[in-house]
Structures are given as structure tokens and as C-alpha cells.
Participant: 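Please see the structure below; I have some questions.
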Amino acid sequence: MGFADQRFNVNLSILFTELPLLERPAAAATAGFTAVELWWPWVDSATPEQSELDALKKVIEDAGVRLTGLNFYAGQLPGPDRGALSVPGEESEKFRANIDVAADFARSLGCKALNALYGNRVEGVDPAEQDALALENLTLAARAADRIGAILLIEALNQPESPKCPIVSAPKAVEIVDQVNAATGLGNAKFLMDLYHLSMNGEDLPAVIDRYAAKTGHVQIADNPGRGAPGTGSLPLEKLLDHLKKAGYGGWVGLEYKPGDRPSAEAFEWLPRAAR
């Protein structure tokens, strides 16, 4: 087994960001990849103009790559925000306005996974109020995902880098997954297992894999420390991905790492071109 036995896609919101958005799908294809994923690309708009959506759709299709994952609107990401759906007021309203926009864009490209980032705790707001709002919004998102035949992903971030986010462990993320599935009866909410975030939390990664592989809808990787490419840190990513495969996970593995001080096209030497 090993890296050659996995299915990798490239996250175009952290790799190839030295290029304009509309040039990134072709750059990923030139690097040998057939699939990409994205954070919500328009950080300032939950409902961009149709012409902007059409332009991105066209370059993805023209590059011959698949869009396999897309975030719902999540505020300023990268930046201070960690999602919008649990934040009362304008941010929650933006998330709701974005749900069908994101789902329809995903459907237009055959994308079957939508990631909904929870959001930070807000000073002066009862956490229980935020959690109730979050469940309402996640229920709406799960139903929209189901409408297009997709899954809804719920991701655990890491406490050191996201101290205001309450979803900073695998058990907590899976608890939310279970709540959403209980609320909708659809069963399409899944865990997004980001091995970098979980390692930053100090979690036992083999144990997390054993416990939650069956509830996992997507996996993302970066090495730790540094959030760089595999081999730049100390995480045994090849062994961990083998463990996931043996545990029954057969989905995509998203490359969500920083290329460092070099062009992104040079940050894939760890992965033989034939395995991309």
C-alpha cells in the first residue's frame, strides 16, 4: 500500500494561490491531478454574480478536472473567521443565503461533498443559542446537499489555531454529525477527518481512524509541524492513510497544505506523478 493507493485532490484555496483563482484548475491539471476542492472562493460574498460562478465553472471544465469538494460560505477564510453558520445575525443570514447557491454550483459540476464550517464562539452570546442556530442551519444545509445527491461534511479544527471554535476534536465533530442526522433523518452528514488539525489537538490518530472511519466522508492532510507537504514534518501520513484504507475508507484525500516558499507546482515531489 502507500500513497500510490490513495485518491488525491488538490485544495485550490491553499495550493496554487500564487495564481489568480481562474488559473488554478489548469495549474492543478498540469501538475498531474484530476480532481480539486475549494473553500468558498468569494470570501466577501455569499451570493456572487452568476457570471462569476459561470467563469469558475468554465475553467474547471476546461481544465478537465473534477470538483470533488466545496465549502459553504464561511466568512473570512483564510482570515479571522472559522465559519458563519453558528454566528447570529448577518453572518448566519449570509450562510443561509449561500446554501442553495453553493449547492447548485456543486451540482453543476457533479460535486458530491459540501463542507459547512461551524464558526467561532461570539462574546456575549450564550453558547447554547449558537448551538441551536447551528443545528437549524446545518439541517438546512444537509437537506440542500441531499437535494443534489451530496453529503454534508462537518470538520474538526484545531484548538491552538482556532481557539474560539468549539469544534476542536473528532468526538465533538462526530457528535454534531449525529445530531444533524437525527434532526433530518437523511443520514448524509459525515465527518471531515483532517489529520493535521487532529494532530495539532494531540489526538490519537490511529484510534480516531478506528473509531470514526465508518462515519468519515472526506479526509484532508498536511504534515505537522508546519502544515506543509508530507515529509516536511513528523506525521506518518503514509501509514495513517494505509490505516484508513484498511478501516474501510475509500474516498478522496484532500491535499490541504502550504507549499512553503516555492511555487505550488514544486510541492508535490513526495507523490509520484502516476499516483496523482
Side-chain angles (χ1 to χ4, degrees), residues 7-15 35-43 46 56 60 66-79 81-87 91-92 94-96 98-107 109-120 134-135 137-158 161-162 165-170 172-177 179-181 184 186 188-198 212 215-222 249 251-257:
R7 293 194 300 162
F8 293 102
N9 64 35
V10 178
N11 189 303
L12 297 181
S13 298
I14 192 168
L15 284 154
V36 299
E37 62 182 31
L38 282 162
W39 301 342
W40 183 247
W42 299 278
V43 296
L56 181 56
I60 290 172
R66 292 177 58 188
L67 181 68
T68 54
L70 177 69
N71 283 18
F72 288 107
Y73 171 79
Q76 296 294 314
L77 183 75
D81 298 333
R82 294 295 184 268
L85 62 91
S86 70
V87 180
E91 286 302 287
S92 172
K94 286 182 179 179
F95 178 84
R96 290 193 182 195
N98 173 251
I99 289 174
D100 283 335
V101 176
D104 288 342
F105 182 74
R107 178 175 58 181
L109 286 161
C111 175
K112 298 297 186 182
L114 291 162
N115 185 24
L117 289 175
Y118 202 83
N120 290 327
L135 185 57
N137 283 336
L138 286 168
T139 297
L140 293 172
R143 289 176 176 149
D146 181 69
R147 173 173 62 82
I148 67 164
I151 59 173
L152 175 73
L153 296 169
I154 296 170
E155 180 177 7
L157 304 182
N158 74 75
E161 294 175 330
S162 303
C165 179
I167 313 301
V168 288
S169 74
K172 184 62 179 178
V174 173
E175 176 187 322
I176 303 299
V177 166
Q179 289 176 0
V180 174
N181 285 333
T184 65
L186 296 171
N188 69 329
K190 302 286 184 179
F191 176 39
L192 195 167
M193 184 186 292
D194 185 310
L195 296 177
Y196 167 75
H197 287 315
L198 301 181
Y212 298 124
K215 294 188 177 185
T216 297
H218 187 46
V219 172
Q220 292 173 333
I221 63 168
Y249 179 75
W252 291 96
V253 177
L255 304 181
E256 197 184 60
Y257 59 78

Participant: Where is the tightest heavy-atom contact between Leu56 and Pro41, given as atom of each residue plus distance?
Facilitator: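 Looking at all heavy atoms of both residues, the closest pair is CD2-CG, 3.9 Å.
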Participant: Could you check if a side-chain atom of Trp39 sits within less than 4.5 angstrom of a side-chain atom of Asn115, using non-hydrogen atoms only?
Facilitator: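 Result no, sub-4.5 Å side-chain heavy-atom pair not found.
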Participant: For Glu256 and Ile14, what are the C-alpha separation, side-chain angles and deciding distance, and is it a side chain to side chain contact (heavy atoms under 4.5 Å, CB included)?
Facilitator: CA-CA 6 Å; Glu256 197 184 60; Ile14 192 168; 3.9 Å; yes
Participant: Rounded to the nearest 0.5 Å, what separates atom CG in Asp194 from atom CG in Leu153?
Facilitator: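 Going from CG on Asp194 over to CG on Leu153, the span is 11.5 Å.
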Participant: Of all the heavy-atom pairs spanning Asn11 and Leu38, show the shortest one and how long it is.
Facilitator: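 Here Asn11 and Leu38 meet closest at OD1-CA, 4.5 Å.
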Participant: Among Lys190, Glu155, Glu37, which residue meets the side chain to side chain donor-acceptor pair (under 3.5 Å) test with His218?
Facilitator: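 Going through the options one by one, the only one that passes is Glu37.
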Participant: Counting only N and O atoms by type, is there a donor-acceptor contact under 3.5 Å from the side chain of Asn181 to the main-chain atoms of Asn188?
Facilitator: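 Yes, Asn181 side chain to Asn188 backbone: donor-acceptor pair under 3.5 Å.
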Participant: Which heavy atom of Phe8 sits nearest to which heavy atom of Trp252, and what is that distance?
Facilitator: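 Phe8 and Trp252 have their closest heavy atoms at O-CZ3, 3.4 Å.
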Participant: Please check this pair: side chain of Asp100 against backbone of Ala144, looking for a donor-acceptor N/O pair closer than 3.5 Å.
Facilitator: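 Checked: no pair found.
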Participant: Less than 4.5 Å apart, side chain to side chain, heavy atoms only: is that true for Tyr196 and Asn158?
Facilitator: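 Contact flag for Tyr196/Asn158 side chains = yes.
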Participant: Report yes or no: does Asp81 contribute a side-chain atom to a donor-acceptor pair with the main-chain N or O of Gln76 at less than 3.5 Å?
Facilitator: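 Here the side-chain-to-backbone pair exists.
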Participant: I'd like to know if Arg107 pairs up with Asp104 as an ion pair, taking the criterion as any Lys NZ or Arg NE/NH1/NH2 lying under 4.0 Å from an Asp or Glu carboxylate oxygen.
Facilitator: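 Looking at Asp104 together with Arg107, the answer is yes, because their closest N to O distance falls below 4.0 Å.
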Participant: Taking C-beta and beyond as the side chain, do Thr184 and Asp146 meet within less than 4.5 Å on heavy atoms?
Facilitator: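 SC-SC contact between Thr184 and Asp146 ruled out.
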Participant: Heavy atoms, side chains only, cut-off 4.5 Å: are Leu67 and Val36 in contact?
Facilitator: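 A side-chain contact exists here, since the closest heavy-atom pair is under 4.5 Å.
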Participant: Within this structure, what is the CG-CZ distance for the pair Asn120 and Arg82, rounded to the nearest 0.5 Å?
Facilitator: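 Rounded to the nearest 0.5 Å, the CG-CZ separation comes to 6.5 Å.
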Participant: Report yes or no: does Asn98 contribute a side-chain atom to a donor-acceptor pair with the main-chain N or O of Ala46 at less than 3.5 Å?
Facilitator: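 Looks like yes, one N/O pair under 3.5 Å.
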Participant: If you compare all heavy atoms of Val168 against all heavy atoms of Ser162, which two are closest, and at what distance to 0.1 Å?
Facilitator: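 So the two residues come closest at CG1-O, 4.0 Å.
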Participant: Quick check: does any side chain N or O of Ser92 sit under 3.5 Å from a backbone N or O of Ser86, one acting as donor and the other as acceptor?
Facilitator: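 It does not hold such a pair.
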Participant: Output, in order, the C-alpha distance, side-chain angles, deciding distance and verdict of side chain to side chain contact (heavy atoms under 4.5 Å, CB included) for Leu114 and Ile99.
Facilitator: CA-CA 10 Å; Leu114 291 162; Ile99 289 174; over 6 Å; no
Participant: Calculate, to the nearest 0.5 Å, the distance between atoms CG and CG belonging to Leu109 and Leu70 respectively.
Facilitator: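 Here the rounded value is 9.0 Å.
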Participant: Would you check if the distance from the ring center of Phe72 to the ring center of Phe95 is below 6.0 Å?
Facilitator: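 Yes: the rings meet the under 6.0 Å criterion.
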